Amino acid sequence: MPELQQLDAGHEPALLDFELDNRAYFATMINDRGDDYFDRFTDQLQVMLDEQGAGTGAYYVLVAEDGSVLGRFNLFRIEDGTAELGYRVAQDVAGRGVATATVLEICRLAADKHGLHTLRAATSHENVASQRVLAKAGFIPAGPADPAHIGGKTGRWYQRDLT
């Protein structure tokens, strides 16, 4: 049974494998992160861990029984009880309810563990699967999203009240 774990430095090898193994798949939905992201992966991970330590971010990975990462779920820009949610799941588990179930769990953790009352998530108009995940998890449309928030694509914000 996969386990949702808060990100720590020990996840680095499995998280990097997840990102590299699914890079082409992710690029079909959002702009590719570029080679520099992967070349500086350790630095990027440290930034997330620093944000987590400061309380401005909370980062989670969904870990399979074999230790591989099946998905990542990020709460970032935490401020005044609100955070942005970003997530991605591996291609081989997409369409199986993994994202929906884990987003629901992240919503519970956001309220219970991190004291948040509102989550926002942006998705492109083309990413119908993500729109379905957000709708099933209780998010409602909340206006247009700037393409800068979703990899240069046009899209919409979604929001969920956690109280």
Side-chain angles (χ1 to χ4, degrees), residues 1-52 57-78 83-107 109-110 119-137 139 141-142 144-160:
M1 185 77 167
E3 180 184 4
L4 189 62
Q5 300 175 3
Q6 194 154 16
L7 183 66
D8 65 43
H11 291 115
E12 182 176 358
L15 184 57
L16 180 58
D17 286 346
F18 163 81
E19 290 289 347
L20 290 170
D21 291 348
N22 292 282
R23 185 176 181 181
Y25 170 65
F26 295 148
T28 66
M29 293 168 275
I30 195 162
N31 290 348
D32 184 69
R33 289 181 161 164
D35 292 336
D36 187 54
Y37 175 83
F38 297 99
D39 293 342
R40 298 183 47 228
F41 191 78
T42 299
D43 296 336
Q44 301 287 344
L45 178 63
Q46 189 58 55
V47 168
M48 290 188 293
L49 294 174
D50 290 347
E51 289 175 2
Q52 193 162 256
Y59 301 94
Y60 290 86
V61 288
L62 185 63
V63 180
E65 290 177 14
D66 66 2
S68 64
V69 171
L70 302 175
R72 64 187 298 176
F73 299 82
N74 304 327
L75 298 172
F76 57 101
R77 295 190 184 108
I78 294 176
E84 291 181 27
L85 168 67
Y87 59 91
R88 50 179 61 193
V89 297
Q91 184 174 10
D92 62 345
V93 299
R96 297 184 186 174
V98 171
T100 301
T102 310
V103 167
L104 285 166
E105 177 65 8
I106 288 292
C107 289
L109 287 168
L119 292 182
R120 295 174 31 125
T123 187
S124 68
H125 292 304
E126 296 85 6
N127 194 345
V128 176
S130 189
Q131 293 167 33
R132 273 186 265 149
V133 165
L134 293 170
K136 288 178 183 178
F139 286 75
D146 186 314
H149 284 101
I150 42 179
K153 301 190 181 215
T154 59
R156 174 174 294 132
W157 280 105
Y158 291 79
Q159 186 167 307
R160 178 173 168 181

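Fair warning: this is a prediction, and the values are worked out from it, not measured in the lab.
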State, to 0.1 Å, how close [X] and [Y] come at their nearest heavy-atom pair, and which atoms those are.
X: Val69; Y: Leu15; value: CG2-N, 3.8 Å
X: Gly10; Y: Pro13; value: O-CD, 3.6 Å
X: Asp146; Y: Trp157; value: N-NE1, 4.4 Å
X: Leu75; Y: Ala83; value: CB-CB, 4.4 Å
X: Arg160; Y: Ala137; value: NH1-O, 2.7 Å
X: Phe73; Y: Leu62; value: CE1-CB, 4.1 Å

Could you give the distance from [atom1] ([X]) to [atom2] ([Y]), rounded to the nearest 0.5 Å?
X: Lys136; Y: Leu134; atom1: NZ; atom2: CG; answer: 11.5 Å
X: Leu85; Y: Gln159; atom1: CG; atom2: CD; answer: 12.0 Å
X: Phe139; Y: Gln131; atom1: CZ; atom2: CD; answer: 13.5 Å
X: Met48; Y: Phe76; atom1: CE; atom2: CZ; answer: 11.5 Å
X: Gln6; Y: Leu109; atom1: CD; atom2: CG; answer: 8.5 Å
X: Arg156; Y: Thr123; atom1: CZ; atom2: OG1; answer: 10.0 Å

Checklist entry - In chain order, what residues pass the salt bridge (Lys or Arg N to Asp or Glu O under 4.0 Å) check against Arg96, with sequence neighbours excluded? => result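 Salt bridge (Lys or Arg N to Asp or Glu O under 4.0 Å) list for Arg96, sorted by chain: empty.
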Item to check | Residue list, salt bridge (Lys or Arg N to Asp or Glu O under 4.0 Å) with Glu84, at least two apart or on another chain | outcome: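 Expected list: Arg77.
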Next on the checklist: Just so I know, are the side chains of His11 and Val63 near enough to count as touching, which here means a heavy-atom distance under 4.5 Å?
Outcome noted: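 The answer is yes, as the side chains (C-beta and beyond) meet within the 4.5 Å cut-off.
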Item to check | Leu4 side chain near Ile106 side chain, heavy-atom distance below 4.5 Å | outcome: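 The answer is yes, as the side chains (C-beta and beyond) meet within the 4.5 Å cut-off.
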Distance-only criterion, 3.5 Å: show the donor-acceptor pairs between side-chain atoms of residues 37-45 and protein atoms not counting sequence neighbours.
from, atom 1, to, atom 2, distance (Å)
Tyr37, OH, Arg33, NH1, 3.1
Tyr37, OH, Arg72, NH1, 3.3
Thr42, OG1, Glu12, OE2, 2.4

Could you tabulate the donor-acceptor pairs under 3.5 Å formed by side-chain atoms of residues 86-94, not counting sequence neighbours?
from, atom 1, to, atom 2, distance (Å)
Tyr87, OH, Ser130, O, 3.3
Tyr87, OH, Ser130, OG, 2.7
Arg88, NH1, Glu19, OE1, 3.0

Checklist entry - Excluding sequence neighbours, so at least two apart, what forms ring-ring contact (aromatic ring centres under 6.0 Å, His included) with Phe26? => result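 ring-ring contact (aromatic ring centres under 6.0 Å, His included) list for Phe26, sorted by chain: Phe18.
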Checklist entry - With a 3.5 Å cut-off and no angle check, do the side chains of Gln46 and Asp50 form a donor-acceptor pair? => result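 Result is yes, a qualifying pair exists.
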Checklist entry - Which residues pass the side-chain hydrogen bond (donor to acceptor under 3.5 Å, both in side chains) test with Ser68, sequence neighbours left out? => result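 Partners of Ser68 under the side-chain hydrogen bond (donor to acceptor under 3.5 Å, both in side chains) test: Asp66.
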